[in-house]
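Some notes on the structure that comes next.
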Amino acid sequence: GALPKMQGGFNTTFEAYGIDLSMQFSYSVGGKILDWQYQNLMDPTKGDSNWHTDILKSWTPENASDTYPRLEFNNQSLSQLSDRFLTDASYLALRNVSLGYSLPQSTINNLRMQGVRIYVVSDNVALWSKRKGLDPRMSISGDRTVATYSPIRTVSVGLNIKF
């Protein structure tokens with residue numbers, strides 16, 4: 001089915017010598033998704049569009065593939081819905097990374113400050129899934145009937161000063 005067996009998240013923080021690093025992850029284990037984009041790229045009847053490189057693994061007398069059928073001109077059965085386009089919807093996403101440096105107290109005491117921290121933060125850093133380019137987070141129904149965009153990756157730089 002489309003629903004995962006388990007979903008969740010975890011985070012971690014490291015601090016040493018004024019440097020702090022924190023990371024937040026989310027994950028999903030199990031479930032299937034119908035990858036329409038992959039299905040379209042595996043359709044040999046579309047002579048005017050690109051094909052996925054997996055089409056090179058199609059059945060031939062020398063390559064008796066049980067996963068990829070034989071290519072046939074104008075055979076619409078090859079582009080029909082099939083469980084061969086169901087893909088594992090498991091993923092691991094690195095949602096947020098924060099890296100900072102706090103100036104030593106001895107340095108900022110002379111400036112009459114309580115704290116100075118310089119940092120870099122990035123959101124939606126990385127996604128690992130079964131197929132490169134597939135973002136299974138986009139669908140609760142288990143299919144992708146339209147092209148969707150993954151969340152936008154952002155990078156921010158900041159400076160915190162405490163007086």
Taking atom [atom1] of [X] and atom [atom2] of [Y], what is their separation to the nearest 0.5 Å?
X	Y	atom1	atom2	answer
K32	D88	NZ	CG	5.5 Å
F25	L92	CZ	CG	6.0 Å
Y101	I118	OH	CD1	8.5 Å
E15	L21	CD	CG	10.0 Å
Y91	D135	OH	CG	8.0 Å
Q114	N160	CD	CG	13.0 Å

Requested in this report: State whether the side chain of S28 and the backbone N or O of S90 hold a donor-acceptor pair below 3.5 Å, judged by distance alone.
Outcome: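 No, S28 side chain to S90 backbone: no donor-acceptor pair under 3.5 Å.
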Report task. Examine distances only and state if a side-chain atom of N124 and a backbone atom of I152 form a donor-acceptor pair shorter than 3.5 Å. Result ->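 Judged by distance alone, yes, a pair lies under 3.5 Å.
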Query raised in the report: Which atom pair, heavy atoms only, marks the closest approach of N63 to K57?
Result: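 So the minimum-distance heavy-atom pair works out to ND2-O, 3.0 Å.
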Report task. Considering non-hydrogen atoms only, spot the tightest contact between S129 and L134 and give its length. Result ->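 Looks like OG-O, 2.7 Å.
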Report task. For salt bridge (Lys or Arg N to Asp or Glu O under 4.0 Å), just list the numbers for R117 and D20, CA-CA rounded to whole Å, side-chain angles, deciding distance to a tenth of an Å, and then say yes or no. Result -> CA-CA 10 Å; R117 180 176 178 259; D20 60 273; 2.6 Å; yes
Query raised in the report: For R137 and L127, what are the C-alpha separation, side-chain angles and deciding distance, and is it a side chain to side chain contact (heavy atoms under 4.5 Å, CB included)?
Result: CA-CA 10 Å; R137 300 174 294 180; L127 174 72; 4.0 Å; yes
Query raised in the report: Do V121 and S98 touch side chain to side chain, with heavy atoms closer than 4.5 Å?
Result: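 Yes; the side chains approach each other to less than 4.5 Å.
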Same cluster or not: [X] versus [Y], using hydrophobic residues (I, L, V, M, F, W, Y) connected whenever any side-chain heavy atoms lie under 4.5 Å apart?
X	Y	result
M23	V157	no
F10	V125	yes
V116	F163	yes
F14	I19	yes

Query raised in the report: What do you reckon, is OH of Y17 surrounded by more than 12 foreign heavy atoms closer than 6.0 Å?
Result: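 Atom OH in Y17 is not crowded, with 12 or fewer foreign heavy atoms closer than 6.0 Å.
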Query raised in the report: Run the side chain to side chain contact (heavy atoms under 4.5 Å, CB included) check on W128 and L94 step by step: do they pass?
Result: CA-CA 9 Å; W128 297 275; L94 179 51; 4.1 Å; yes
